[in-house]
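Heads up: the structure comes next, in structure tokens.
Numbered from 1 within each chain, the chains take letters A, B, ... in sequence-line order.
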Amino acid sequence: MQPPPIYDSAQLIPHALQELKEAVRYRHLLFQLVRRDILTRYKRSFLGVAWTMLSPLGMMLVLSFVFSNVFGATRGFPAYILSGLMAWNFFSQSTTGAMSSLVWGGGLLQRIYIPRAAFGLSAIGSGIINLVLAFVPLVIVMLVSGTPIRITAAFMPISLFLLACFTLGLGLAISTLAVYFPDVAEMYQIILLAWMYLTPIIYPESVLPAKYQLILHLNPMYYLVKLWRLPLYDGRWPTWGEFWPAAAIAIGMLLVGWFFFTSKSDEFAYRI
Amino acid sequence: MVEERIPHREPFIHLEDVSVRYRVPSERIGTFKEYLIRRLKRQVQMRTFWALKGINVDVYRGEIFGFVGDNGAGKSTLLKVVARVLRPTKGRVIVTGKVAPLLELGAGFHPELTGKENIFLNGALLGFSHHEMLEKYDRIVDFSELSEFINAPIRTYSTGMYARLGFAVATAYEPDVLIVDEILGVGDETFRKKCEARIKEFCQRGTSILLVSHNMDMIEGMCQRAAWLDHGILQFMGEPSQVVRAYREKER
């Protein structure tokens, strides 16, 4: 028999570290929450989980039809759009999911102890599963549109990891804000829309006039989406200069989000 | 003193000068803009409110301890402090062992999932792995008497069925501390008897139980000790019948 766990409220562990320890201890809960997300999302729909693959495909069809005349010269345009869209959808859906599941889970947080970051972590977890499933239509589109899949795709786990770190960090930060200011949720949707158009997702970077290059380089998602597309769509290894800004932004955002979230999370139980 | 009659001397729950302060804005500030403007003008007024003041309680192994008091007296806050939901603003809480809160049964259930899926989800919320839940699964289904409906989504369940499943999951294993907050009001008479029997069984095996109820018969009938809370202050602690009498006298 292992000794019973002892909870002592006066233990002096920094909150950020404590939360990390508890998240590891409650890993089964994370698994269950991800499972719940995936199961319930499409439970009542006829095509079920297939929608994870069909919806980005549908969006890609619409966008490439609409924009093919404008940016038509881009090689393998549908593959370009779909690869960017995948990364963007993961980012926007997971951050929104982290926020809404914390507010939804508020009722639970008032009743039992669970690590508060569990909701954010599980939102990222379900996002990653949806993202991985979306590779199926992407590979098909790449083959059809004549974009070769190269060995550089082996870099994708690193790109994915960094994108997930950034997404988690931002998701935790905005969900903390959403606890105190309910209209953050609405505001964030508008910000996301503007942000998407400021990031080269549905248009190639080259169409931007030189005067907008500064804005582009101030946009953290620019570096992460680029790191995502390089090994996949462009089929080449990222250079050091392309890698380190993305890595620094991702890890930095994760730390900021995690510390901000855990410094406030003791109040969540009565503020949600 | 009452404490001498308790067989096991080790406190499972130790509350030492525990105070909890809620800090909420006195008016709802909905928008960022408003917040920033007020912040700059230093108009963000926080209302502070002590929900618990200097509580000292020790609950021993195998003891059923009851709390009585009016609504808003701090009973639920106290349970939340023990359950780790709230951190005390002052003082210290030490809880030995696994805590199972029975605060509102089935709070973590998802209506679209089946009873079976919800059992595993709820188990995970209480900190159990899939494997541990698998061992307990049959017992849970037996106790809840829901085996016919276990693969139906629980949005089709009645309130009583909900509560039965919640109780069965929360008590499927042996917690060291069980927190029961006014839940035995749901469900029919038979089910309530069954729950009470289960609670007594736990206590014989050494679980400490914290019980909050407005049902004075239940406090007197089940608890070994009790306490009366009023406006966050512990007014009286001791023999349940004395506590109930003191509480009732105050009411008049």
Would you mind reporting whether B:Phe128 and A:His28 have side-chain heavy atoms less than 4.5 Å apart?
no

Mind checking the CD-OG spacing from A:Gln32 to B:Ser129? Nearest 0.5 Å is all I need.
10.0 Å

Is there a side-chain contact between B:Val85 and A:Leu109, using heavy atoms and a 4.5 Å cut-off?
no

Contact check, side chains of A:Tyr113 and B:Val99, non-hydrogen atoms, under 4.5 Å
no

Would you say that A:Asp8 contacts B:Val95 through its side chain, given a criterion of any heavy-atom pair below 4.5 Å between the two side chains?
no

Any chance you could lay out the side-chain contact (heavy atoms from CB on, under 4.5 Å) test for B:His130 and A:Arg35, step after step, and finish with the verdict?
CA-CA 12 Å; B:His130 190 79; A:Arg35 199 181 122 95; 5.8 Å; no

What is the minimum heavy-atom distance between B:Leu121 and A:Arg36, and which atoms define it?
CD2-CD, 3.8 Å

Can you find a heavy atom in the side chain of B:Arg84 that is under 4.5 Å from one in the side chain of A:Glu22?
yes

Output for pair (A:Ile112 CD1, B:Leu125 CG), nearest 0.5 Å, gives 4.5 Å

Non-hydrogen atoms of chain A under 4.5 Å away: do they reach the side chain of B:Val81, the backbone, both or neither?
backbone

Is it the case that more than 12 heavy atoms not belonging to B:Lys116 sit under 6.0 Å from its NZ atom?
no

What parts of residues 189-199 of chain A touch chain B if we use heavy atoms and a cut-off under 4.5 Å?
none

Can you establish whether the number of heavy atoms outside A:His217 located under 6.0 Å from its atom NE2 is more than 12?
yes

Any chance you could measure B:His110, atom NE2, to A:Thr40, atom OG1, to the nearest 0.5 Å?
4.0 Å

Among B:Ile94, B:Val93, B:Val177, find the residue that satisfies the side-chain contact (heavy atoms from CB on, under 4.5 Å) test when tested with A:Tyr7.
B:Val93

So, taking the atom named CZ in B:Phe109 and the one named CG in A:Leu108, what distance separates them when rounded to the nearest 0.5 Å?
11.0 Å

Shorter than 4.5 Å, heavy atoms on both sides: which option in A:Asp266, A:Leu33, A:Ile114 has the most such pairs with chain B?
A:Asp266

Is it true that atom CZ of A:Phe259 has more than 12 heavy atoms of other residues, nucleotides or ligands lying nearer than 6.0 Å?
no

Counting only heavy atoms not in A:Phe31, do more than 12 fall under 6.0 Å of its CZ?
no

For A:Arg27, enumerate each residue passing the salt bridge (Lys or Arg N to Asp or Glu O under 4.0 Å) test, keeping only those at least two apart in sequence or located in another chain.
none

